[in-house]
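What follows is a single structure, written as structure tokens, with notes after it.
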Amino acid sequence: MKVVGKQRNSRMCFVCGMDNPLGMRAQFYNMEDGSVMTIFRYGEEHQSFPQRVHGGLSATMLDELGLRALWAQEGEEVMGVTMSMAVKYRKPVPYREELVGKGILVKASSKFATMRTEIYDRKGILLVSADLRYIKLDTEQIAENVNAHEEMCYLIEDEVREIVL
């Protein structure tokens, strides 16, 4: 599927923060079908048991994909927080392997949004998925004295023009 745009990365977010020494530094792409996708990999330090990623870290990526899916449709100015997330673990998520995350906005109103997010292996096998519900909030309602534009300060150009599952 073709990439139509790229989303910004933050300074310190665990998933997308470029200055976070413990973070994953994942990058997110707006796709031609209105979804968002990322190509990423977990490290050995993200395991719960040998050969598999901790389920909470899989859920962390699914949660990030939720907001990113909202941004793919409504723009990066829209902020929100997770109200609920139902995760379905289907297969063990491996570390040290390239994975693909995908999120899509299912439904949105002026105050709420529902997203579906998924993580696949490079063979296209669905490993874990989530249905999320977000409440849209102004930045000031989420954290005091934070400038979202200063935090989301990196737009990293690359050669990714298509992502194939």
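As the structure is a computational prediction, the values presented were derived from the model and not from experiment. Residue numbers run from 1 in the order of the sequence given. Side chains are part of it too, since the values below use all heavy atoms of this structure and drop only hydrogens, waters and symmetry mates.
Under the 3.5 Å distance criterion, the side-chain polar atoms of Glu76 are matched with a main-chain donor or acceptor of Arg8. Looking at Tyr29, its side chain never comes within 3.5 Å of a backbone N or O of Arg161 through a donor-acceptor pair. With hydrogens and angles disregarded, a donor-acceptor distance shorter than 3.5 Å links the side chain of Thr60 to the backbone of Gly56. A donor-acceptor contact shorter than 3.5 Å is absent between the side chain of Lys88 and the backbone of Leu127. Between the side chain of Gln141 and the backbone N or O of Asp138 there is at least one donor-acceptor pair closer than 3.5 Å. A donor-acceptor pair is defined here as one N or O able to donate and one able to accept, closer than 3.5 Å; such a pair exists between the side chain of Glu151 and the backbone of Met12. Side-chain N or O atoms of Gln47 include none that pairs as donor or acceptor with a backbone N or O of Tyr95 at under 3.5 Å. At least one donor-acceptor pair under 3.5 Å links the side chain of Trp71 to the backbone N or O of Val78. The backbone N or O of Leu155 sits nowhere less than 3.5 Å from a side-chain atom of Asn9 that would complete a donor-acceptor pair. A side-chain donor-acceptor contact under 3.5 Å links Gln73 to the backbone of Gly34.
Applying the salt bridge (charged side-chain N to carboxylate O under 4.0 Å, His left out) rule to Asp121 yields no partners; only residues at least two apart in sequence or on another chain are considered. Scored by the salt bridge (charged side-chain N to carboxylate O under 4.0 Å, His left out) test, Asp19 finds no partners at all (sequence neighbours excluded). Taking Arg122 as the reference, Glu98 meet the salt bridge (charged side-chain N to carboxylate O under 4.0 Å, His left out) condition, with sequence neighbours excluded.
The two residues Ser35 and Asp33 come nearest to each other via the heavy atoms OG-OD1, 2.6 Å. Asp63 and Tyr134 make their closest contact through O-OH, 2.7 Å (heavy atoms, listed as atom of the first residue, atom of the second, distance). Between Glu118 and Leu126, the shortest heavy-atom contact is CB-CD1, 3.5 Å.
Two residues are said to be in side-chain contact when any heavy atoms from C-beta on lie closer than 4.5 Å; Met1 and Lys102 meet this criterion. No side-chain heavy atom of Met115 sits under 4.5 Å from any side-chain heavy atom of Val106. Counting only heavy atoms from C-beta outward, the side chains of Tyr42 and Ile119 approach each other to under 4.5 Å. Counting heavy atoms from C-beta outward, Phe40 and Met61 have side chains that approach closer than 4.5 Å. Annotation: side chain of Glu44 is in contact with side chain of Arg96 (closest heavy-atom distance under 4.5 Å). Residues Glu64 and Cys13 meet the side-chain proximity criterion, which asks for heavy atoms closer than 4.5 Å. In this structure, the side chains of Ser129 and Arg116 come closer than 4.5 Å at one or more pairs of heavy atoms. Looking only at side-chain heavy atoms (C-beta outward), Ile156 and Met18 come within less than 4.5 Å of each other.
Val36 and Tyr154 fall into different hydrophobic clusters, where Ile, Leu, Val, Met, Phe, Trp and Tyr side chains are chained together by heavy-atom contacts under 4.5 Å. Residues Met24 and Tyr120 fall into different hydrophobic clusters, defined by Ile, Leu, Val, Met, Phe, Trp and Tyr side chains chained together at heavy-atom separations under 4.5 Å. When the side chains of ILVMFWY residues are joined at heavy-atom separations under 4.5 Å, either directly or via intervening members, Phe14 and Val128 end up in a single hydrophobic cluster. Under the 4.5 Å side-chain heavy-atom criterion for grouping Ile, Leu, Val, Met, Phe, Trp and Tyr, Tyr89 is connected to Ile125 within one hydrophobic cluster. Under the 4.5 Å side-chain heavy-atom criterion for ILVMFWY residues, a single connected hydrophobic cluster contains both Ile142 and Met83.
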Point to revise | side chain to side chain contact (heavy atoms under 4.5 Å, CB included) between Arg11 and Cys153, intermediate numbers included | key: CA-CA 7 Å; Arg11 290 177 42 269; Cys153 60; 3.4 Å; yes
Practice item. Please step through side chain to side chain contact (heavy atoms under 4.5 Å, CB included) for the pair Val81 and Leu137, ending with a clear verdict. Key: CA-CA 7 Å; Val81 295; Leu137 298 171; 3.7 Å; yes
Check your understanding: What do the steps show when you test Gln27 against Asp158 for side chain to side chain contact (heavy atoms under 4.5 Å, CB included), and what is the final call?
Key -> CA-CA 10 Å; Gln27 298 182 49; Asp158 59 32; 3.6 Å; yes
Practice item. Start with the C-alpha gap between Phe112 and Lys136, add the side-chain angles, then the distance that decides, and say whether side chain to side chain contact (heavy atoms under 4.5 Å, CB included) holds. Key: CA-CA 6 Å; Phe112 301 101; Lys136 298 177 188 178; over 6 Å; no
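Between atom CE of residue Met37 and atom CG of residue Asn30 there is a gap of 12.0 Å, rounded to the nearest 0.5 Å. If you take CZ on Phe28 and SG on Cys16, they are separated by 6.0 Å, rounding to the nearest 0.5 Å. Taking CG of Asp131 as the reference point, atom OG1 of Thr117 lies at 7.5 Å (rounded to 0.5 Å). Atoms CD1 and CE, from Ile135 and Met79 in turn, are 15.0 Å apart once rounded to the nearest 0.5 Å. The CG atom of Leu62 sits 6.5 Å away from atom CE of Met85, with the distance rounded to the nearest 0.5 Å. In this structure, Glu45 CD and Leu57 CG are separated by 9.5 Å, a value rounded to the nearest 0.5 Å.
Paired with Ser58 under the rule side-chain contact (heavy atoms from CB on, under 4.5 Å), one option of Val87, Leu99, Val53 passes, and it is Val53.
Taking 4.0 Å as the cut-off between side-chain N and carboxylate O, Lys6 and Glu157 do not count as a salt-bridged pair.
Open room surrounds CD on Gln51; 12 or fewer heavy atoms of other groups in view lie less than 6.0 Å from it.
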